[in-house]
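Proteins get letters first, then strands, A, B, ... in listed order; numbering begins at 1 in each. Reckoned from all heavy atoms, side chains included, excluding hydrogens, waters and symmetry mates.
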Number of protein chains: 2
Amino acid sequence: MESLLRAAESVFAEVGYARATTNLIASRASVSPGSLYQFYPNKEAFAEALAAQYAEELEGLHASVFHGTIATVPLAELVDATVDPFLDFHRRAPAFEALFLGAAASPELAGRIQVLHETVAARLIALFELRRPDAKREDLRWAADVAVGIFRGLLPLITPLKGTKRSRAIREMKGVFLRYLEPVFATRTE
Amino acid sequence: MESLLRAAESVFAEVGYARATTNLIASRASVSPGSLYQFYPNKEAFAEALAAQYAEELEGLHASVFHGTIATVPLAELVDATVDPFLDFHRRAPAFEALFLGAAASPELAGRIQVLHETVAARLIALFELRRPDAKREDLRWAADVAVGIFRGLLPLITPLKGTKRSRAIREMKGVFLRYLEPVFATRTE
DNA sequence: GACAAACACGAGTCTTTGCTCGCATATCTT
DNA sequence: AAGATATGCGAGCAAAGACTCGTGTTTGTC
């Protein structure tokens, strides 16, 4: 049931996977533990379901960012066009950070995280390749991994903030991306 | 006992705080659970002890980096002189990443993490201020937080690697720092 | 209204794991 | 050597939490 998943999401977001209890999830959804287990066989199933849902959403997100014009647009616009949707995604998916960006709660989930990360990295490489078809694949792979790492590292700086502080933090993040990627994509628009 | 701490450290590094069991720590140290509890009152005490030890080491690390010449040296050297010791620290303290950079295992530990982070950030601000006494405090605070975030985000990219791959990853990290900090510290050496 | 099927319930079971306690062994004192 | 003290042991206790099951309640059909 959908409301169970939403309850699990909010609990995970608040206390993380390890400290989340199935009873709390059940009561948050105004449902008994017994009923909960009629829909999800175990606690991990919640994380799996969320991962699947998030993966799908990220897929859609990429599809909307990834169109031809991206190849020639100024770098600052490219950064805006990618960072903003990802930040928006993390606002809508508050459990993502707690579940998949922290340390892996279980070995099985670690695999899931790996897959999500690989997918995003592959998408980024494809994006980069549109701008620099001449670049070596390995260099682009590094740039993608570093970009993901920067995002992961700076996201916790942004998430808890609101208003002008948040804007400032986002500006800082974009600044990091801009200055890091500039040497790679400098001579593109002309 | 020291060997217990070392055992705890290696277990934490391998499976993280939540999945580490006191029995495993005891057996890793070739000691019975009973004996373990004669030295450390509970599981959290291990994390506390490690945090204290790491804090001390970070203190020393900072003292060795933080001397006057740092104010006038070229930016690339400044980055080298700070990044390398920190990476070295994380090699010697393998549990640090698992314990204090992942999601907080318990509310009490979260406080500890906060303190460690604040301390490092404060040190960085002091360092930055040596170079730019004219800059606004708040800007330096942002730069410090962002620098810490970048380090946290890129560290997992570096830790599992060895040899040339590791060197490449470190070069990437330093590149990010250089390009991010350059606008702030550009006009320093002349 | 009567029966049946499906669903929801929550007190209880079972496993895991942090932690203890009574006994055994070693070390020290005289 | 013999008692006294300290230290180490590991089987077992207790709490927490994932998960179940017998019972009650609702819903659908005649």
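Atom CZ in B:Arg19 sits roughly 12 Å away from atom P in C:dG18 (whole-Å rounding). Taking atom OH on A:Tyr17 and atom C1' on D:dG17, their separation rounds to 12 Å, with Å as the unit. In this structure, the CG atom of B:Leu24 is 13 Å from the C1' atom of C:dG18, given to the nearest Å. Look at CZ on B:Phe46: it is 10 Å from P on C:dC19, rounded to the nearest Å. Put simply, CG on A:Leu4 is 14 Å from C1' on C:dC7, counting in whole angstrom units.
For C:dG10, the OP1/OP2 oxygens have no side-chain nitrogen or oxygen of A:Ser32 closer than 4.0 Å. In this model, the phosphate group of C:dC7 is not approached by any side-chain N or O of A:Gln38 to a distance below 4.0 Å at OP1 or OP2.
Among the atoms of the strands shown, none is found under 4.0 Å from any heavy atom of B:Ala26. No contact: B:Ala45 has no heavy atom under 4.0 Å from any strand.
Following chains of ILVMFWY side-chain contacts shorter than 4.5 Å, one can reach A:Leu161 starting from A:Phe151, so the two form part of one hydrophobic cluster.
The salt bridge (charged side-chain N to carboxylate O under 4.0 Å, His left out) analysis of residues 22-37 of chain A, with sequence neighbours excluded, yields the pairs A:Glu14-A:Arg28.
Of all heavy-atom pairs spanning A:Ser3 and A:Ala29, the tightest one is O-CB, 4.1 Å.
By the ring pair (Phe, Tyr, Trp, His ring centres under 6.0 Å) test, A:Tyr54 pairs with A:Phe89, A:Phe96, sequence neighbours left out. In this view, B:Phe12 and B:Tyr17 satisfy the ring pair (Phe, Tyr, Trp, His ring centres under 6.0 Å) rule, not counting sequence neighbours. In this structure B:Arg6 satisfies the side chain to side chain donor-acceptor pair (under 3.5 Å) test together with B:Glu2, B:Glu9, sequence neighbours excluded.
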Below 3.5 Å is the cut-off: list the nitrogen or oxygen pairs between protein and nucleotides 19-26 of chain D, distance only.
unit_1, atom_1, unit_2, atom_2, d
D:dC19, OP2, A:Tyr37, OH, 3.2
D:dC19, OP2, A:Lys43, N, 2.9

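Using modelled atom types and a 3.5 Å distance limit, the side chains of A:Glu57 and A:Gln53 yield no donor-acceptor pair.
Side-chain atoms of A:Arg152 do not come within 3.5 Å of backbone N or O of B:Gly153 as any donor-acceptor pair.
The overall bend of the helix from C:dG1-D:dC30 to C:dT30-D:dA1, read as the angle between its terminal helix axes built from five base pairs each, is 10° when rounded to 10 degrees.
How far OG1 of A:Thr22 is from CZ of A:Phe46: 8.0 Å, rounded to the nearest 0.5 Å.
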